[in-house]
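Residue numbers begin at 1 in each chain, while the letters A, B, ... track the order of the sequences.
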Protein chains: 2
Amino acid sequence: MDFEHADALNQAIRLLSLRHRARAASLLAPLGLHPGQEVLLLELARSGPMIQAQLSEALGCEPPSVTLMTRKLEATGHISRRPAPSDKRASVVELTDSGRALAGRVRQLWCALAEETVAGLPAETAAALPGILNALTDNVDTRRPRHAHGRRNIPATETRRDGPAGRGAGPSVDGATGRGAGPSDDGAENDGAENDGAEN
Amino acid sequence: MDFEHADALNQAIRLLSLRHRARAASLLAPLGLHPGQEVLLLELARSGPMIQAQLSEALGCEPPSVTLMTRKLEATGHISRRPAPSDKRASVVELTDSGRALAGRVRQLWCALAEETVAGLPAETAAALPGILNALTDNVDTRRPRHAHGRRNIPATETRRDGPAGRGAGPSVDGATGRGAGPSDDGAENDGAENDGAEN
DNA sequence: CGAATAACATTATGCGCATAACGTTATTCG
DNA sequence: CGAATAACGTTATGCGCATAATGTTATTCG
């Protein structure tokens with residue numbers, strides 16, 4: 001590929017990153033949120049309580065980022081953190097009531113953002129975008145599948161395309177209850193976790 | 001748009017942003033550069049010396065970011081900064097010899113990055129990507145064209161797609177020599193700048 | 001001509017990203 | 001069983017992004 005085309009592509013990706021994130025920021029600001037935090041709330045709303053390691057994996061970012069974001073969201077009362085019952089290393093993160101309400105509002109603006117993003121694009125182009133973008137992401141993913149040099153022992157066979165939904169395969173909870181709260185839970189949540197597991 | 005599709009799109013954009021940037025970081029690290037700095041070097045290599053305001057506009061980022069990046073690149077000897085001869089507010093940024101050499105290496109890895117990014121994609125898809133991505137960017141651009149609330153007085157009629165190449169229309173150098181060094185220059189560069197102007 | 005406004009770069013601060021290092025806890029291995 | 005290894009969350013630090021504020025300089029306006 002010649003430089004001009006390479007530059008056009010790389011710059012397009014860079015500018016989309018900047019502008020999409022900035023637009024998200026402007027939509028999130030009235031909710032008191034910063035870009036990056038919304039996906040954390042959405043993940044907890046979707047998948048329920050989980051340990052931080054699972055969160056960082058689901059979000060595709062490193063543990064210190066999750067540590068700081070959860071700390072701030074806990075401070076604002078939107079999430080709670082408690083030690084995992086069977087693993088003193090781990091803490092379980094869970095939405096509070098206000099966090100669930102906030103996640104609902106995030107869902108709305110998330111839809112608005114996406115609609116705004118693809119406005120004027122042919123419908124079939126818009127529909128194909130996630131797949132195309134994910135293919136690009138897989139190509140440049142430094143963490144996997146080419147060399148899983150991440151600090152967590154992530155199976156190289158796990159495909160990236162599952163994204164947040166693929167978190168159930170996290171090795172840190174192998175042998176535990178599955179995808180519910182991570183290391184362990186009380187009986188009521190066990191039921192829920194097992195049902196999810198059976199779906200897989 | 002329903003939430004699932006909206007989420008798929010927004011997450012795809014977010015993850016591509018993260019991973020593309022991380023991959024760029026790994027390629028840039030051996031050169032002692034951080035993501036964001038490469039586009040500054042490439043812009044200077046392409047367009048020649050310019051004041052920082054022009055840089056920030058060309059790069060699509062805010063002036064403090066340029067201030068810090070130029071400071072660091074000046075400290076490593078890759079760029080030089082000097083006060084603009086006819087405007088004491090402005091400083092002209094220019095590649096040094098080592099900066100030009102570095103920009104050459106950035107060009108190479110930039111091509112490699114782009115190729116890696118579109119590997120396995122149909123050629124026509126890859127060719128259409130910059131246009132599609134730029135359309136998305138235009139849709140969510142909070143700075144223009146819907147309301148040019150940026151701090152610089154940017155004409156609302158200027159289209160975003162020109163990107164770096166459209167810098168010549170920067171209002172801050174209206175009435176000056178054009179796109180060369182910004183506020184003013186010596187005779188030799190005046191010739192060059194006027195030639196470029198005629199091209200437009 | 002002088003006040004008002006705008007442009008320039010900078011500083012301060014906040015943010016989510018990253019890496020590196022660390023201490024504690026859990027698991028594995030010989 | 002104990003050493004070695006791995007996992008967890010955290011702290012420290014660096015980075016490019018952003019916004020807000022500032023001081024100086026340049027331009028505009030009445």
Side-chain angles (χ1 to χ4, degrees), chain A residues 14 17-19 21-22 24-26 28-29 32-40 51-57 59-73 81 83-84 86-93 142-143 149-154 170-176 182-183, chain B residues 14 17-19 21-22 24-26 28-29 32-40 51-57 59-73 81 83-84 86-93 142-143 149-154 170-176 182-183:
Chain A
R14 176 176 168 271
S17 303
L18 281 183
R19 301 276 73 81
R21 188 177 176 85
S26 69
L28 291 165
L33 294 175
H34 292 276
Q37 294 177 336
E38 81 281 1
V39 289
L40 192 150
I51 65 171
Q52 294 190 170
Q54 289 168 326
L55 254 187
S56 76
E57 184 172 333
L59 302 186
C61 65
E62 301 300 314
S65 303
V66 166
T67 297
L68 254 69
M69 280 195 286
T70 54
R71 182 188 297 164
K72 283 165 187 166
L73 289 170
R81 287 194 289 182
S86 67
D87 187 340
K88 292 195 204 315
R89 298 172 303 180
S91 60
V92 180
V93 185
T142 55
R143 305 184 313 168
H149 70 245
R151 142 194 190 148
R152 316 300 183 186
N153 184 16
I154 302 169
S172 62
V173 295
D174 271 0
Chain B
R14 175 177 169 269
S17 304
L18 282 183
R19 301 278 72 83
R21 188 177 176 84
S26 69
L28 291 165
L33 295 175
H34 292 277
Q37 295 177 336
E38 81 282 0
V39 290
L40 190 152
I51 65 172
Q52 292 190 168
Q54 289 167 326
L55 255 188
S56 76
E57 184 172 337
L59 303 186
C61 66
E62 301 300 314
S65 302
V66 167
T67 299
L68 253 70
M69 280 195 285
T70 52
R71 183 189 296 166
K72 284 167 186 166
L73 289 170
R81 287 193 289 183
S86 68
D87 187 342
K88 293 194 202 313
R89 299 171 301 180
S91 61
V92 180
V93 184
T142 55
R143 306 185 314 169
H149 70 247
R151 138 193 197 151
R152 318 296 182 184
N153 184 17
I154 301 168
S172 62
V173 296
D174 272 1

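- Atom CD of Glu62(B) and atom P of dA21(D) are 15 Å apart (whole Å).
- The CD1 atom of Ile51(A) sits 16 Å away from the P atom of dT25(C) (whole-angstrom rounding).
- Using a 4.0 Å cut-off, some side-chain N or O of Gln37(A) falls inside it from OP1 or OP2 of dG16(C).
- Taking the salt bridge (charged side-chain N to carboxylate O under 4.0 Å, His left out) definition, one finds that Arg71(A) meets it with nothing, sequence neighbours left out.
- Rounding to whole angstrom units, CG of residue Leu28(A) and P of dG14(C) are separated by 20 Å.
- Using a 4.5 Å cut-off on side-chain heavy atoms (C-beta onward), Leu55(B) and Val93(B) make contact.
- Across the interface with DNA chain C, nearest-nucleotide mapping of Met69(A) and Lys88(A) shows Met69(A) to be the residue nearer the 5′ end.
- We find that CZ of Arg21(A) is positioned 10 Å from C1' of dA18(D), with the value rounded to whole Å.
- Checking the phosphate oxygens (OP1, OP2) of dA18(D), a side-chain nitrogen or oxygen of Ser65(B) falls inside 4.0 Å.
- By the side chain to side chain donor-acceptor pair (under 3.5 Å) test, Thr70(B) pairs with Gln52(B), Arg81(B), sequence neighbours left out.
- Here the side chain of Arg21(A) pairs no donor or acceptor atom with the backbone of Ser17(B) at under 3.5 angstrom.
- Using a 4.0 Å cut-off between charged nitrogen and carboxylate oxygen, Arg143(A) and Glu62(A) count as a salt-bridge pair.
- Within the 4.0 angstrom heavy-atom criterion, only backbone atoms of the sugar-phosphate kind lie near Ser91(A); the bases stay farther away.
- Out of dT25(D), dA20(C), dC15(C), the shortest distance to the side chain of His34(A) is found at dC15(C).
- Residue Leu18(A) places its side chain closer to dC17(D) than to any other of dT19(D), dC17(D), dT10(D).
- OP1 or OP2 of dT10(C) has at least one side-chain nitrogen or oxygen of Thr67(B) nearer than 4.0 Å.
- For Lys72(B), the side-chain contact (heavy atoms from CB on, under 4.5 Å) test picks out Gln37(B), Leu68(B), with sequence neighbours left out.
- With hydrogens and angles ignored, the 3.5 Å screen pairs no side-chain donor or acceptor of Ser65(B) with any backbone N or O of Cys61(B).
- Residue Gln52(B) places no side-chain N or O under 4.0 Å from the OP1 or OP2 atom of dA7(C).
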Contacts under 3.5 Å, N or O only, protein and nucleotides 27-29 of chain D:
none

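- In this structure a side-chain-to-backbone donor-acceptor pair under 3.5 Å is present from Arg14(A) to Leu59(B).
- Note on Arg81(B): a side-chain N or O is less than 4.0 Å away from OP1 or OP2 of dT10(C).
- Nearest-nucleotide mapping onto DNA chain C: of Leu68(B) and Gly36(A), the residue sitting toward the 5' end is Leu68(B).
- For the pair Met69(B)/His34(B), no side-chain contact is recorded, criterion being any heavy-atom separation below 4.5 Å from C-beta on.
- Comparing dA12(D), dA9(C), dG16(C) by their closest approach to the side chain of Lys72(A) singles out dG16(C).
- If you take CG of Leu55(B) and P of dC17(D), they are 12 Å apart, rounded to a whole angstrom.
- One finds a side-chain N or O of Arg19(B) lying less than 4.0 angstrom from the OP1 or OP2 phosphate oxygen of dA18(C).
- By the side-chain contact (heavy atoms from CB on, under 4.5 Å) test, Ala25(A) pairs with Pro35(A), sequence neighbours left out.
- Counting only heavy atoms from C-beta on, Asp87(B) has its side chain closest to dA26(D) among dA26(D), dT19(D), dA18(C).
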| What pattern of brackets, bars and dots sums up DNA chain C from 5' to 3', given Watson-Crick or G-U wobble pairs under 3.5 Å, [ ] for crossing pairs and | for another strand? | ||||||||||||||||||||||||||||||
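- The phosphate of dA18(C) has neither OP1 nor OP2 within less than 4.0 Å of any side-chain N or O from Arg143(A).
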